[in-house]
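Just below is one structure, and these are the notes that go with it.
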Amino acid sequence: MNAMSQQRKVYGLGAEFNSAADLMEAAEKIRDKGFSKWDVHTPFPVHGMDKAMGLGKSWLSSIVFVGGLTGLLTGVALTTVPSFALYPIIVHGKPYSWPTIPAFFPIIFELTVLLSALTTVGSMFLLNQLPKWYHPVFNWDRFKKVTDDGFFIVIEARDSKFSETRTKVLLQELGGSNVTLIHD
Amino acid sequence: MSLPQESLALTVERFDQPTARKFSSLCFAVSLLGLAVSAFGLVTAREQFAFSWLFGFIVVFTISVGGLFWAILHTATDSEWGVLIRRQMENLASIVTILPLFFLPLLLWCAPILWKWWDMAIGVDPLLDAKSAFLNHGFFIFRFIVYFAGLGGIAFLLRKLSIQQDHDGASKHTLQMRKVAIAGLPIFGVCLTFAAVDWLMGLDYHWFSTMWGVYIFAGAAGSSMAALVLIVTALRANGYLKAVNLEHYHIMGKFLLTFTVFWAYIGYSQYMLIWYANIPEETIYFKIRNTESWNLLSTFLVFGRFFFPFPFLLFQATKKRPIILCTVAVWIIAMQVVDLYVIVLPSLHQTGLRASMYDLSSLLAIGGAAAGYFFRQLSSCNLYPSRDPRLSGSVHLSN
């Protein structure tokens with residue numbers, strides 16, 4: 001490690017594992033130790049990792065529900081207010097009143113779907129803090145394997161349980177190799 | 001996750017034979033009672049009997065054919081989640097094999113009452129003449145045979161192969177079942193669609209809707225998933241199928257949600273297009289069903305089949321609580337009964353709802369026989385495919 005990187009802030013400790021199964025086992029132990037600011041990195045999605053990491057249910061569905069509800073109400077308002085009150089036009093001999101509201105269902109439905117979808121994509125970006133142009137983990141050379149055959153755990157320094165020495169020992173005990181200090 | 005491999009060793013479960021015989025006899029007794037009342041109706045009030053019996057028949061038909069759909073879908077897509085539940089899909093589907101028996105009274109004594117075209121001569125109605133290549137006795141009976149040969153054949157084959165695997169554990173049965181299921185998908189679709197057209201759309205030969213088959217399918221698939229939820233819960237309550245957990249309930253709940261929305265989507269699309277286009281031959285269907293007291297029942301159906309169960313099925317927390325899911329499942333089956341009642345009976349009582357005891361007796365006669373047969377099927381084999389290669393995946397399901 002050169003002199004310059006030693007002056008830079010420590011981002012966290014990274015460790016490499018041999019397989020998805022080893023990674024999962026290690027993740028369960030780190031979860032049980034009570035760490036909260038850490039992440040795993042794999043070349044492919046690993047089923048059940050959310051539970052192994054102790055992640056709770058995502059907030060996404062609640063946000064999308066609100067988005068969908070907004071779309072629904074917008075649709076109802078945009079169709080009924082002008083047609084019932086502001087500017088009623090009779091088409092096909094069908095007067096506008098509650099029994100003929102099925103004519104508006106496509107618009108209400110589409111707006112619900114549209115706002116739900118836009119909220120989903122938007123919240124996904126926000127919750128994942130995307131787009132992100134810089135991330136300290138890429139300062140670690142071995143991390144490039146993550147798109148090929150590398151399985152990594154990175155525990156961040158801002159975690160209250162983090163300690164450069166003890167966390168390093170912990171990662172080694174869990175079967176991690178090439179345990180490395182990553183700088184910001 | 002990553003449970004130890006030892007927990008895979010499930011004991012082979014079988015439903016207790018004497019209990020099954022007891023339940024089965026009880027169901028057959030109820031069925032006999034219904035049959036006696038219905039037979040009285042056949043003699044004294046044939047018109048009412050005809051429509052009531054068709055109603056009872058179609059309720060049981062859609063629920064069991066829905067079971068066949070889930071069995072076919074699960075097998076064809078090589079699914080893993082419901083291997084523990086698949087045997088119950090197969091048992092439910094096997095009811096289809098006894099149903100042609102219950103269609104015979106309609107064919108023998110009631111056809112001209114139900115399907116007005118049955119006794120009409122060529123040249124009387126140009127609209128019928130144009131359809132006579134399809135609507136004639138020979139082809140109708142031929143199609144009736146094809147439906148039950150097709151649907152019953154697939155149901156029988158899937159269950160047979162599945163049980164064979166319990167005995168010898170050969171993986172070739174899985175491959176054979178997948179072939180049967182994939183071939184079965186189009187057969188199922190065609191048979192159910194045309195059965196719905198023949199028996200229900202044919203109640204008014206003037207009327208037509210291109211979405212009819214899909215509409216009947218949507219109700220069938222949803223209500224039989226509700227039936228599966230209830231069957232699995234009843235088995236669990238009696239100490240069976242303990243390997244079924246909340247993850248399975250979650251998935252079944254998702255399917256219930258899917259088909260609640262799908263039913264509404266299809267039902268609405270059918271209604272909106274007919275209402276908007278305003279063609280007399282088409283609108284007559286909804287005109288009758290929105291006349292007098294039928295209007296109340298139709299409106300109730302819209303709220304009962306969609307708006308009421310929707311919020312309960314939307315959230316993960318409620319889907320993972322079996323007591324809530326079961327309540328919704330009972331409700332959905334009740335709504336399926338109402339749906340089919342509003343489809344069949346207004347053809348007879350065009351001026352408004354007039355309930356008859358034969359409606360109930362038909363439902364009891366056919367439903368009781370189907371339930372009795374189901375208990376026999378239930379106890380004649382293992383409660384889940386005990387040697388299916390994907391069983392462990394289903395036991396350790398997470399979603």
Side-chain angles (χ1 to χ4, degrees), chain A residues 17 19-32 40 45-69 72 75-76 79 90-110 112-113 116 175, chain B residues 1-5 80-81 245-247 250 253-254 257 261-280 282-283 286-287 289-291 295-296 298-299 301-303 306-307 310-320 390 392-399:
Chain A
F17 291 83
S19 66
D22 289 353
L23 189 73
M24 185 104 87
E25 226 165 272
E28 281 169 349
K29 295 211 175 94
I30 294 175
R31 171 197 67 191
D32 295 341
V40 301
V46 178
H47 208 65
M49 187 54 93
D50 50 342
K51 271 185 195 153
M53 288 179 68
L55 298 177
K57 194 172 167 292
S58 161
W59 279 98
L60 188 63
S61 56
S62 316
I63 302 170
V64 174
F65 180 75
V66 174
L69 204 62
L72 181 92
V76 172
T79 49
I90 293 177
V91 186
H92 282 199
K94 294 181 171 75
Y96 284 126
S97 60
W98 291 112
T100 57
I101 201 172
F104 300 147
F105 280 4
I107 297 151
I108 297 171
F109 175 75
E110 295 297 345
T112 311
V113 172
S116 305
Chain B
M1 237 356 258
S2 65
L3 287 162
Q5 290 293 303
E80 195 169 73
W81 73 271
N245 57 40
L246 293 182
E247 297 288 318
H250 187 194
K254 284 193 234 181
L257 174 66
V261 176
F262 187 63
W263 178 89
Y265 188 78
I266 298 299
Y268 166 72
S269 303
Q270 178 175 266
Y271 172 77
M272 203 272 286
L273 290 173
I274 289 176
W275 171 69
Y276 224 71
N278 222 355
I279 301 169
E282 291 181 349
T283 48
F286 289 110
K287 186 167 175 270
R289 280 156 189 81
N290 286 291
T291 304
N295 178 242
L296 286 177
S298 298
T299 313
L301 187 64
V302 171
F303 287 92
F306 176 67
F307 288 104
F310 181 74
F312 288 99
L313 293 170
L314 188 60
F315 302 103
Q316 207 183 105
T318 43
K319 277 181 286 207
K320 282 186 167 175
R390 289 194 180 278
S392 76
S394 180
V395 173
H396 297 143
L397 178 68
S398 88
N399 73 99

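A, B, ... follow the sequence lines: proteins, then strands. Residue 1 opens every chain.
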A side-chain contact here means heavy atoms from C-beta on lying under 4.5 Å apart; do A/Phe105 and B/Tyr268 qualify?
yes

Side-chain heavy-atom pair A/Phe65, B/Leu314 within 4.5 angstrom cut-off
yes

Could you tell me whether the side chain of B/His250 reaches within less than 4.5 Å of the side chain of B/Trp81, counting heavy atoms only?
no

Considering non-hydrogen atoms only, spot the tightest contact between A/Leu72 and A/Thr112 and give its length.
CA-OG1, 3.4 Å

Pick whichever of A/Ala103, A/Pro106, A/Ser61, A/Pro102 has the most heavy-atom pairs under 4.5 Å with chain B.
A/Pro102

Would you mind checking which part of A/Thr100 comes under 4.5 Å of any heavy atom in chain B, side chain (CB onward), backbone (N, CA, C, O), both or neither?
both

Which answer fits A/Ala21, side chain, backbone, both or neither, if we ask what part of it has an atom under 4.5 Å from a heavy atom of chain B?
neither

